[in-house]
Amino acid sequence: MREYHKFYIDGKWVAPLEQKTVNTINPATEEISGSIALGGAGDVDLAVKAARKAFATWSQTSREERLEVLQRIMVEYEKRAGDIAAAITEEMGAPKGLANGFQVGLGTGHLATAIEVLKNFKFEETRGASTIVKEPIGVCGLITPWNWPVNQVTVKVFPALATGCTVVLKASQESHFSAQILAEVFDAAGVPAGVFNMIQGKGSVVGAAMSCHPDVDMISFTGSEPAGVAIAQAAAPTVKRVCQELGGKSANIILDDANLAENVAGGVTGMMVNTGQTCSATSRMLVPKARMAEAIAAAKEAAAQVTVGDPNSDVAMGPVVSKNQFISVQGYIQKGIDEGATLIAGGLGRPEGLDKGFYVKPTVFANVTNDMVIAREEIFGPVLVIIAYDDIDHAIEIANDTDFGLAGNVAGADLEQARAVARRIRAGSVGINSGFDFNSPFGGYKKSGNGREWGDYGFHEYLEIKAILGYTPE
Ligand code: NAD
């Protein structure tokens with residue numbers, strides 16, 4: 001049982017102003033795994049005050065001083081990697097292989113990237129007589145989701161700290177265990193008091209209090225579109241910067257010259273990673289109309305090979321995060337059946353042999369049309385839809401016919417053609433035959449948000465730009 005009832009404020013573990021707790025549930029067993037405290041607006045205020053006080057000195061530190069702190073964090077992070085992975089498995093059900101591998105590895109990657117970027121980042125430039133200075137924006141409120149819990153926290157905290165900002169973090173209630181260990185890591189690394197602060201609690205209470213707080217200069221939010229809109233509305237009267245990283249319904253266009261069977265199989269397996277709970281998952285697979293039957297055969301075979309079960313064993317897929325998520329995903333599967341899509345793998349209910357836990361069958365629908373609800377809404381579970389296209393223009397039209405614009409993929413043998421298609425997709429990151437890069441910007445078009453994180457682009461989110469005119473008189 002984990003009991004995390006304290007907040008991290010001004011370099012100390014402190015009790016909430018009001019003692020309120022909530023039980024956490026292990027999604028693999030449906031049993032109580034511990035409890036966390038629920039903060040209020042008063043706790044947020046204390047954390048913001050600590051962050052404001054620390055900003056006065058942290059914002060004035062040198063690049064070298066901040067590099068030293070980040071390097072100390074790396075040492076402590078690596079010491080606790082196993083604990084962080086175990087916490088992720090327990091809180092949101094990621095299989096241990098994924099938790100120890102990619103989930104924890106993303107944190108290491110963002111930290112190593114922040115260190116490298118900071119070494120050479122240009123905080124100043126001269127243009128004629130003017131000097132343009134990039135300064136830390138101030139106190140940043142960071143609000144994060146549960147799905148890649150350590151990734152979401154580290155992709156914000158490291159660039160914020162690297163640029164000289166101070167932060168107040170509110171991680172998701174569903175993924176507080178890993179956030180707690182991260183706070184312990186920062187404490188052990190000797191991050192100066194007040195530079196990193198953490199409050200637990202509900203989005204509607206703690207997140208809302210951060211969003212409207214007059215002394216928070218910026219909110220960096222990752223999560224769902226409705227919460228992103230609520231935060232922007234709450235933040236508007238204080239005119240703070242709001243960076244939003246929201247949902248997606250991304251397309252994987254498999255071009256006619258690609259190896260269809262291989263790419264369909266890869267697309268199915270990729271969709272099921274993290275039990276389909278990935279914002280950038282390519283949840284709409286687009287295949288040439290004449291080859292739908294071939295795609296169905298390959299998808300069926302691939303889905304049958306996805307193992308589901310106890311995340312502490314060697315499986316590809318654990319449970320979804322919560323009962324609510326299970327109910328929501330089941331609702332979408334039912335909707336797909338009702339809409340007349342062809343269910344070719346998975347379907348309603350738990351996988352055979354699993355009577356407890358929020359397990360969902362790896363599910364694939366074929367012959368889906370882009371107007372169906374299962375093609376338009378973010379399901380955030382292991383559900384892939386396959387849509388047929390007539391020609392390349394039609395494929396691009398379908399790919400772009402969505403409210404979202406987070407990611408995408410183009411599979412094709414002719415690189416020039418694949419490049420041309422990638423250029424026409426309205427999304428923040430598009431892979432050609434897949435791809436991954438810690439230094440590339442990550443963020444969305446349209447309702448997928450307005451922010452850009454990762455690499456040096458992530459630094460810009462936390463910086464103000466000041467022009468000092470006449471700095472070098474001519
Ligand atoms: P969510 O929006 O329910 O919650 C995210 C965070 O916001 C949580 O900490 C929550 O407590 C807080 N929150 C909720 N309502 C709030 C409010 N009114 N004011 C302030 N804070 C509030 O999302 P989730 O279920 O945790 O995560 C899943 C969603 O996140 C999906 O839509 C997914 O696509 C998205 N996501 C996006 C990215 C990206 O980089 N674009 C990455 C991961 C997840």
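Any value given below was found using the heavy atoms of this structure, including those in side chains, with hydrogens, waters and symmetry copies removed. In this chain, numbering begins with 1 at the start of the sequence shown. Note that the structure is a prediction, hence the values are computed from the model and not measured. First listed ligand is number 1; within each ligand, the first listed atom is number 1.
A search for side-chain hydrogen bond (donor to acceptor under 3.5 Å, both in side chains) contacts involving Asp371 returns Thr369, not counting sequence neighbours. With sequence neighbours left out, the salt bridge (charged side-chain N to carboxylate O under 4.0 Å, His left out) criterion links Arg426 to no other residue. By the side-chain hydrogen bond (donor to acceptor under 3.5 Å, both in side chains) test, Tyr359 is found to be paired with no residue, residues two or more places apart in sequence or in another chain being considered.
Pocket lining of ligand 1, defined as residues with a non-hydrogen atom under 4.0 Å away: Ile143, Thr144, Pro145, Trp146, Asn147, Gln152, Lys170, Ala171, Ser172, Gly203, Gly207, Ala208, Phe221, Thr222, Gly223, Ser224, Ala227, Ala230, Ile231, Glu245, Leu246, Gly247, Cys279, Glu378, Phe380, Leu406, Phe442.
In summary, Glu464 and Arg241 engage in a salt bridge, as defined by a charged side-chain N under 4.0 Å from a carboxylate O.
Relative orientation of the Phe177 and Tyr4 rings is perpendicular, given thresholds of 30° and 60° on the angle between their planes. Ring orientation note: the planes of Tyr8 and Phe196 are tilted relative to one another, at an angle of 30° to 60°.
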